[in-house]
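Take a look at the structure below.
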Amino acid sequence: MKRTTKLLTMTLAAVVTACTLTACGGSSKGDAITFGTNAEFPPFEYVTSNGAIGEYDGIDMAIAKQIAEDNGMTAAVENMEFDSLLVALQNGQIDAVIAGMTATDERRETVDFSTPYYTATQVMIVKEDSDITSAADMADKKICVIQGYTGEVCVQDMGYTYEAFKKGTEAVMELTNGKCDVVVIDSATAQKYVSDNEGLKIVEDPSAFASEEYAIAVQKGNTELLDKINKTIDKMLADGTINELAVKYTEEATAE
Ligand code: GLN
């Protein structure tokens with residue numbers, strides 16, 4: 001009798017321990033992957049009333065949610081300036097960056113990138129009556145970019161002077177108010193701004209702007225998280241989910 005009680009106690013203890021270790025009973029909800037983003041980049045990330053992750057919605061947010069779900073975790077978002085994202089990642093304030101971020105060689109020096117999930121390019125947003133038809137035409141124009149974006153690097157490399165803004169909306173407002181002649185920004189986001197604002201158009205110049213690949217950044221050497229991220233991205237690319245998300249959020253963004 002005594003022996004049976006002892007065994008039972010031991011078994012119970014083992015069950016309790018196992019539950020704590022494997023997070024039975026839903027306590028895994030406490031495990032979150034914290035994604036850093038800059039929710040100023042529709043259709044990839046923006047603030048809305050009822051988003052994929054809390055108040056955050058967009059293609060990237062849907063991908064982040066899926067990565068967390070595939071690993072029995074929840075996705076948390078820290079919204080910050082684009083410029084601060086890689087520093088926050090290195091400090092460990094966030095686990096990963098998902099922000100329509102182009103995987104550039106310069107950034108690869110400090111972080112590791114996932115499999116690319118979207119291809120974009122820089123384009124020029126101008127007024128409908130603008131005479132700008134190529135990147136070279138920007139030479140004597142007032143150019144606006146967004147601070148820290150690859151668009152800023154492109155314009156810098158072309159040797160042009162420019163003004164840098166913290167947000168895409170601010171740069172576009174400068175253009176609509178006639179205070180600048182052209183905004184250089186990523187293609188999908190440019191489309192969104194052009195459909196939201198009267199009198200603007202997009203000018204492309206593929207010979208001047210190379211294509212860019214968006215990827216998720218993790219701390220250098222964090223292969224454990226990178227493997228999880230890549231598994232989900234590979235799956236979402238193969239089954240067409242990312243394509244569907246791109247269509248859905250581009251339509252949603254332009255329908256507003
Ligand atoms: N793709 C651009 C970059 O990586 C812009 C990204 C963004 O603004 N979220 O710099």
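These numbers come from a predicted model, not from an experiment. Counting from 1, the numbers follow the sequence of the chain as shown. Indexing begins at 1, ligand by ligand and atom by atom, following the structure's order.
Looking at R107 against ligand 1, only its side chain comes within 4.0 Å, counting heavy atoms. Residue contacts with ligand 1, taken as heavy atom pairs separated by less than 4.0 Å, involve Y149 via backbone and side-chain atoms alike.
Of all atoms in ligand 1, numbered sequentially from 1 with element shown, those under 4.0 Å from a heavy atom of Y214 are 1 (N). Of all atoms in ligand 1, listed by their number and element, those nearer than 4.0 Å to a heavy atom of T102 are 1 (N), 2 (C), 3 (C), 4 (O). For ligand 1, the atoms sitting less than 4.0 Å from at least one non-hydrogen atom of F82 are 3 (C), 4 (O), 6 (C), 7 (C), 8 (O), 9 (N), 10 (O), numbered in the order shown with element in parentheses. Atoms of ligand 1 found under 4.0 Å from any heavy atom of M101, numbered from 1 in the order shown, are 4 (O).
Distance from atom 9 (N) of ligand 1 to its nearest protein heavy atom, with residue and atom name: A99 O, 2.6 Å. Remark: minimum distance from atom 6 (C) of ligand 1 to any protein heavy atom is reached at G100 O, 3.2 Å. From the protein, the heavy atom lying nearest to atom 3 (C) of ligand 1 is T150 OG1, 3.3 Å.
In M158, the CE atom is crowded: over 12 heavy atoms of neighbouring residues, nucleotides or ligands sit closer than 6.0 Å. With a 6.0 Å radius and a threshold of 12 heavy atoms from other residues, nucleotides or ligands, K235 has its NZ atom above the threshold.
Aromatic ring centres of F41 and F82 lie farther apart than the 6.0 Å criterion allows. Between Y56 and F35, the gap from one ring centroid to the other reaches at least 6.0 Å.
Here the options are I132, V155, L175, the test is side chain to side chain contact (heavy atoms under 4.5 Å, CB included), and the partner is V182; only I132 passes.
Judged by the shortest distance from any of its heavy atoms, F44 lies outside the 4.0 Å radius around the atoms of ligand 1. Distances shorter than 4.0 angstrom occur between a heavy atom of D186 and an atom of ligand 1.
A donor atom on one side chain and an acceptor atom on the other are not found under 3.5 Å apart for E204 and T121. Counting only N and O atoms by type, the side chains of D57 and Y249 include a donor and acceptor under 3.5 Å apart.
A139 approaches Y160 most closely through the heavy-atom pair CA-CE2, 3.7 Å.
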